[in-house]
Amino acid sequence: MSVIDIKGRHKSFGDLHVLKGIDLTVETGEVVVIIGPSGSGKSTLLRCLNFLEYPDSGDIRVNGALIDPKKTDLDKVRQHMGMVFQHFHLFPHRNVLHNITIGPINVKGLSPKKANSIARDLLDKVGLPDREKAWPSQLSGGQKQRVAIARALAMDPDIVLFDEVTSALDPELVSEVLQVIQDLAAQGMTMVMVTHEMGFAREVADRVIMMDDGGIIEQGTPEQVLDNPSEERTQAFLSQVL
Amino acid sequence: MTFLSVVQEHFWGFLRATGMTLQLTSVSLVLAVVIGLVFAFMKLSDNRLANLIANAYIGLTRGLPLIVQLMFLYFGISSIVVLSSFWAGTLALALHAGGYVAEIIRGAIQNIDRGQTEAARSIGMSRSKTMRLIILPQAFRRAIPSLGNQFIIGLKDSSLVAYLGVPELYSNAMTAAAANYKPLETYLVAGSYYLVLVVAFTFLVNKLEVKLSPHRQEASR
């Protein structure tokens, strides 16, 4: 079954037409990696998936149900879609444990005890079992991003969206975050990632999508898109980043 | 030495008056924060009418001298309902400071990174929960220095309520000076009382700021 199914999606910011009719289906357990030059609409597409940006037109189905941004309870929809941001956006006034439990307790209504045990399991999973009392300001970038991933996972989402999650990290911290994502992929988590880590895309992606100028210009397995791109623009882009 | 004799002579009177000044200040500032929150949200809302009302309110309270507002309220309202001079003074101080507090809170809320809202919404939090659990706690912490500043101004502004006949510090000084023919010493004493209050209050605000910001404190260690 498809977790997300969008058709003919358009989005403009003023005169700037950022998404020009995107069709995209993400199947359960699939890892989709979106690549493309900056300004191509990758992040906007991702942010339209969980309605951080409202699309101007186009249909979106989440787990088969058609979403009408005006009528559907979007808070409910977002509960089932985790998102991890380039700049982490941890809550600086809450410690690590509370950053992870704040959603389960206040959105899902779990008991603090239950939420704490979920959070501790997740901190184990992302390799930070001893940092639950730390403040976000005391963590390195890589640690912050791993906590942010745990925060998204604590809601037990059907899908996780990753928006250039390693782009703000020092080079030596990138691998610890990618490792966590790779583990998630191995466990069958459905994911859509925007990334510039081509090597990583090759390893984890089931499908690579190349975007340019607000549209999907090519997609396929990593071998097809990254090694034998058929589009000239994909070739040009890859020659610049590889 | 006359300073000390004035202190001695009027010690209890000034102390009682200080109690009144503290009542005026604290009640009016609590009200000012409530008023400020309401108008800050009105100014941040998408509703044009709410914006207009908030802007008019802030414009008026910041644009008119406090003494004029005091008189308006005292004589204006007491022509409709009977209002004690204490409540007229407290309300006027609250409405006046409320305009400034509204701007302080609005600025603090707007200065919180948009990413905080997005992160909160991305885990399914509603708008109101995001505001209550994520934005306001951070905004308040950041607003504390400016709010503290506004509260110090409010404490000193409360002296104007003397003209409504509220027996607070300044009013007490006026009465005492008229009786003892030592205005210089008497106002010096009144001034010292204000100064002590302000210093004590500044100390408390600083303590509060540190206490409410454990994340910053530990980071700098």
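Convention: sequence-line order gives letters A, B, ...; per-chain numbering from 1. Remember, it's a predicted structure, so these values are computed and weren't measured experimentally.
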Side chain, backbone, both or neither: which part of [X] has a non-hydrogen atom closer than 4.5 Å to chain B?
X: A:Leu90; result: backbone
X: A:Asn50; result: side chain
X: A:Phe85; result: side chain
X: A:Arg151; result: both
X: A:Met83; result: both

Distance check, rounded to the nearest 0.5 Å: [X] atom [atom1] versus [Y] atom [atom2]?
X: A:Gln143; Y: A:Leu123; atom1: CD; atom2: CG; answer: 11.0 Å
X: A:Asn63; Y: A:Met81; atom1: CG; atom2: CE; answer: 8.0 Å
X: A:Leu128; Y: A:Leu139; atom1: CG; atom2: CG; answer: 7.0 Å

ask   = Looking at B:Pro137, B:Gly115, B:Ser126, which makes the most heavy-atom pairs under 4.5 Å with chain A?
value = B:Gly115

key: Most chain A-contacting option - heavy-atom pairs closer than 4.5 Å, from B:Lys129, B:Arg127, B:Glu118   = B:Glu118

task = Test B:Arg62 against B:Glu103 for salt bridge (charged side-chain N to carboxylate O under 4.0 Å, His left out), laying out the working first.
result = CA-CA 10 Å; B:Arg62 293 203 304 185; B:Glu103 282 295 63; 3.7 Å; yes

remark   = Ranking A:Leu52, A:Asp75, A:Asn95 by heavy-atom pairs under 4.5 Å to chain B gives rank one to A:Asp75

Donor-acceptor contact present, side-chain A:Ser2 to main-chain A:Asp5, <3.5 Å =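 Side chain of A:Ser2 to backbone of A:Asp5, a donor-acceptor pair under 3.5 Å: no, none is there.
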
inquiry  = Within the structure provided, determine whether B:Val166 and B:Ser171 are in side-chain contact (heavy-atom separation under 4.5 Å).
reply    = no

